[in-house]
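Here the structure is laid out as structure tokens; the discussion comes afterwards.
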Amino acid sequence: MVFDYGYFKREVLALTGIDLNSYQEKQMKRRIDFLISKNKIEGYDKYAAALRTDRKKFEEFVNYITINVSEFYRDIPQWKVLEEKALPELISRFGRSLKIWSAACSTGDEPYSLVMALSRHLPLGNIKIFATDLDRQVIAKAKEGIYPEKSILFLPADLKRRYFRQVGEDEFRIANEIKARVEFREHNLLKDAYPTGCHLIVCRNVLIYFTEEAKDRVFRNFYRVLAGGGMLFIGSSEQIMNHREIGYLRKNAFFYQRP
């Protein structure tokens, strides 16, 4: 039997539910080859066997291939558009109880940023964010709510003062009142059911790692579960090339709306 990359992808799907066929192969294979080399393992078959039996290697693998890079208010100009235009429009249309989904939320920087952005418009008691990621390790870190200073570097100063407390030389803890507004759950964008009736979906700087076919499937699924008038907020390195075909109205470079 030839233990090639195709064999490894099938093993990963069985072990984790992650379909590597939906990720850009050259980029993903390079990341996996790095892990194999780092762990001094010879070949995909032995690495697959190690993932089956070694929990530490398994968690390292899932964390590394899911590419968890995040920070609060990442790309500030886009968050200003969210705060000053998108959120007021959504509140005007749907009222004070918005259904918001932070998809592929990583370590929680994004959903907590959403709570703070909404706090400029609504009482905290009216805010609830549904946040998901396929990596249980980053969800655990998000629930802990402790971040290095670099993660909050671009957070507006008033929000930093109000909602963070320094707990170490380079560590800051987010306020419990913000944490309480976010519900975290494991979710795989490529196979699990999507929450329906969303007024805002935020999925940023994630789909750039997917194949074009996988991106299209996810963007169509987002459209399907958005309420009429609801919006999708994507990342600075992303765009929906066929947004008209799917049915989206392009509000600006990073916001798309279901009519």
Side-chain angles (χ1 to χ4, degrees), residues 59 62-84 86-87 98-122 124 127-189 195 198 200-210 218 222 231-238 254-255:
E59 291 180 350
V62 172
N63 187 259
Y64 191 68
I65 68 164
T66 50
I67 315 170
N68 295 300
V69 178
S70 191
E71 61 189 26
F72 287 80
Y73 271 62
R74 185 176 181 180
D75 304 312
I76 289 178
Q78 296 172 31
W79 282 87
K80 283 184 67 67
V81 173
L82 177 75
E83 279 192 4
E84 297 172 5
L87 290 179
L98 296 177
K99 185 171 182 178
I100 299 176
W101 177 22
S102 173
C105 67
S106 188
T107 51
D109 311 47
E110 179 179 277
Y112 290 142
S113 292
L114 284 167
V115 175
M116 289 184 282
L118 278 160
S119 74
R120 298 190 189 279
H121 301 275
L122 299 170
L124 282 174
I127 300 169
K128 193 69 180 178
I129 308 294
F130 181 61
T132 64
D133 200 279
L134 61 76
D135 185 345
R136 69 180 61 183
Q137 295 175 82
V138 299
I139 289 177
K141 180 171 174 55
K143 288 179 177 179
E144 185 181 27
I146 297 176
Y147 298 92
E149 187 171 17
K150 66 179 182 180
S151 292
I152 62 172
L153 193 61
F154 300 111
L155 187 66
D158 64 313
L159 298 177
K160 193 182 301 183
R161 284 193 304 270
R162 192 180 312 162
Y163 295 124
F164 280 88
R165 180 169 62 88
Q166 190 165 356
V167 293
E169 185 177 341
D170 183 44
E171 288 187 325
F172 292 79
R173 185 190 298 276
I174 197 166
N176 287 333
E177 59 188 315
I178 299 298
K179 290 171 63 176
R181 310 323 305 167
V182 182
E183 177 187 348
F184 290 99
R185 192 178 301 173
E186 286 183 53
H187 182 272
N188 187 331
L189 282 170
C198 298
L200 174 66
I201 298 173
V202 182
C203 185
R204 309 180 68 242
N205 307 301
V206 175
L207 302 188
I208 52 174
Y209 304 109
F210 287 13
V218 172
F222 284 153
M231 294 185 196
L232 170 64
F233 179 21
I234 64 173
S236 57
S237 55
E238 299 165 325
F254 313 109
F255 288 86

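This is a predicted model, so every value here is computed, not measured. Heavy atoms only: backbone and side chains are in, while hydrogens, waters and symmetry mates are out.
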Quiz item: What do the steps show when you test Leu200 against Leu87 for side chain to side chain contact (heavy atoms under 4.5 Å, CB included), and what is the final call?
Solution: CA-CA 9 Å; Leu200 174 66; Leu87 290 179; 4.2 Å; yes
Quiz prompt | Distance in Å, Leu122 CG paired with Arg181 CZ, rounded so as to fall on 0.5 Å steps | solution =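 Answer for the CG-CZ pair, Leu122 versus Arg181, is 11.0 Å.
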Self-check item: Atom pair CD1/CD1 of Ile178 and Ile127 - distance to nearest 0.5 Å
Solution: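 Those atoms lie 7.0 Å apart.
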Quiz prompt | Residue Arg120 excluded, over 12 heavy atoms near CZ under 6.0 Å | solution =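 Yes.
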Quiz item: Counting only heavy atoms not in Glu169, do more than 12 sit closer than 6.0 Å to its CD atom?
Solution: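 It does not: Glu169 CD has 12 such atoms or fewer within range.
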Quiz item: Considering residues at least two apart in sequence or located in another chain, which fulfil the salt bridge (charged side-chain N to carboxylate O under 4.0 Å, His left out) criterion with Glu84?
Solution: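 In terms of salt bridge (charged side-chain N to carboxylate O under 4.0 Å, His left out), with neighbours along the sequence ignored, Glu84 is linked to Lys80.
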Exercise. Kindly give the heavy-atom pair with the smallest separation between Ser102 and Leu114, and that separation in Å.
Key: CB-CD1, 4.1 Å
Exercise. Could you please spell out the steps behind the ring-ring contact (aromatic ring centres under 6.0 Å, His included) verdict for Phe72 and Phe164?
Key: CA-CA 12 Å; Phe72 287 80; Phe164 280 88; 5.3 Å; yes
Quiz prompt | Under 3.5 Å: donor-acceptor pair, side chain of Glu110, backbone of Cys203 | solution = no
Exercise. Return yes if some donor-acceptor pair links the side-chain N/O of Asn188 with the main-chain N/O of Leu134 below 3.5 Å, else return no.
Key: no
Exercise. Report the C-alpha separation of Phe233 and Ile100 in whole Å, then their side-chain angles, then the decisive distance to 0.1 Å, and conclude whether the side chain to side chain contact (heavy atoms under 4.5 Å, CB included) test is met.
Key: CA-CA 11 Å; Phe233 179 21; Ile100 299 176; over 6 Å; no
Quiz prompt | Which residues share a ring pair (Phe, Tyr, Trp, His ring centres under 6.0 Å) with Phe210, sequence neighbours left out | solution = Tyr23
Exercise. Please test Phe130 against His187 for side chain to side chain contact (heavy atoms under 4.5 Å, CB included), starting from the C-alpha separation and ending with a verdict.
Key: CA-CA 11 Å; Phe130 181 61; His187 182 272; 5.9 Å; no
Quiz prompt | Partner of Tyr73 under side chain to side chain donor-acceptor pair (under 3.5 Å), chosen from Glu83, Lys160, Gln78 | solution = Glu83
Quiz item: Given the rule in the side chain to side chain contact (heavy atoms under 4.5 Å, CB included) test, do Asn205 and Asp75 qualify, once you have shown the distances and angles that lead to the verdict?
Solution: CA-CA 11 Å; Asn205 307 301; Asp75 304 312; 4.2 Å; yes
With a 3.5 Å cut-off and sequence neighbours excluded, list the donor-acceptor pairs that the side chains of residues 138-156 form with protein atoms.
from: Lys141; atom 1: NZ; to: Ile146; atom 2: O; distance (Å): 3.3
from: Tyr147; atom 1: OH; to: Thr107; atom 2: O; distance (Å): 2.6

